[in-house]
Amino acid sequence: MQCWLMKSEPDVYSIDDLERDGSTYWEGVRNYSARNNMRKMTVGDLVLYYHSNAKPPGVVGVARVIKEAYADPHQWDRNSKYFDAKSTRDDPRWSMVDVEFVEKLPALVPLDTLKTTKGLEEMVVAKRGRLSVQPVTEKEFEIVKRIAHG
DNA sequence: GCCAACGTTGGC
DNA sequence: GCCAACGTTGGC
């Protein structure tokens, strides 16, 4: 099983929105590294749900992959902000996955804590800010969960 | 709202 | 294939 971290702005789609909906499509990823990470996901992989552009930013919950990467239909929708004229039906450029709600953590784990906690120094989110879908080791995943659960 | 980091685009 | 210009992300 692999673990991941996915970022969402709470003003756009928060962990509470995911809890209410039960599951969602992770549409709109338009960065190749993030897309490539999604393409490596398999059903059952666990995801740290991270609120970016939040006060404070940090991990707020856990989700699970329930559908592996498939073409994001928004790339062919002229009216979508995710439209990409260079993406063809034969060779879709952008992918998305489906995830389901697992839990909302009892406490937010702030980015600041991720950066200073022993064992988490190498987390991508702490080193390289701008990647919206990134791998996390199982060990890192467990440490983050333990912090949140006290 | 600012701006640093960094990814993408496009001219050459 | 280099690199300048430009756009976006996301912390602060």
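Reminder, nothing fancy here: chain letters follow the sequence lines and each chain counts from 1.
When rounded to the nearest whole Å, the span between NZ of Lys7(A) and P of dC6(B) equals 11 Å. Rounded to a whole Å, the CG atom of Asp84(A) is 8 Å from the P atom of dT9(B). Residue Lys55(A) contributes atom NZ, which lies 10 Å from atom C1' of dC12(C) at whole-angstrom precision. Taking atom CZ of residue Arg130(A) and atom P of nucleotide dT9(C), one finds them 11 Å apart after rounding to whole Å. Counting to the nearest Å, the C1' atom of dT8(B) and the CZ atom of Arg35(A) are 14 Å from each other. In this structure, the CZ atom of Arg30(A) is 15 Å from the P atom of dG10(C), given to the nearest Å. Rounded to whole Å, the distance from CG on Asp11(A) to C1' on dG10(C) is 13 Å. Atoms OH (Tyr32(A)) and P (dT9(C)) sit 15 Å apart, rounded to a whole Å.
Listed pair Lys81(A) / dG7(C) fails the phosphate criterion, with no side-chain N or O lying under 4.0 Å from OP1 or OP2. For the pair Tyr50(A) and dG11(C), the criterion of a side-chain N or O lying under 4.0 Å from OP1 or OP2 is met.
Backbone-only contact: Lys86(A) has heavy atoms under 4.0 Å from sugar-phosphate atoms and none from a base. As judged by a 4.0 angstrom heavy-atom cut-off over every strand, Lys115(A) is placed among residues touching the sugar-phosphate backbone only. Residue-level contact check: Asn31(A) touches the backbone only, with heavy atoms under 4.0 Å from sugar-phosphate atoms and none from bases.
For the pair Ser95(A) (side chain) and Ala69(A) (backbone), a donor-acceptor distance under 3.5 Å is absent. Between the Asp45(A) side chain and the Thr42(A) main chain, a donor and an acceptor come within less than 3.5 Å of each other.
Contact check on Glu19(A) versus Lys104(A) returns no salt bridge, with no Lys/Arg side-chain nitrogen under 4.0 Å from an Asp/Glu carboxylate oxygen.
Between Trp26(A) and Tyr49(A), the distance from one ring center to the other falls under 6.0 angstrom.
Take the nearest nucleotide of DNA chain B for Asn53(A) and for Lys127(A): the residue whose nucleotide is more 5' is Asn53(A).
Partner of Leu46(A) under the side-chain contact (heavy atoms from CB on, under 4.5 Å) criterion, out of Val136(A), Val62(A), Val65(A): Val62(A) alone.
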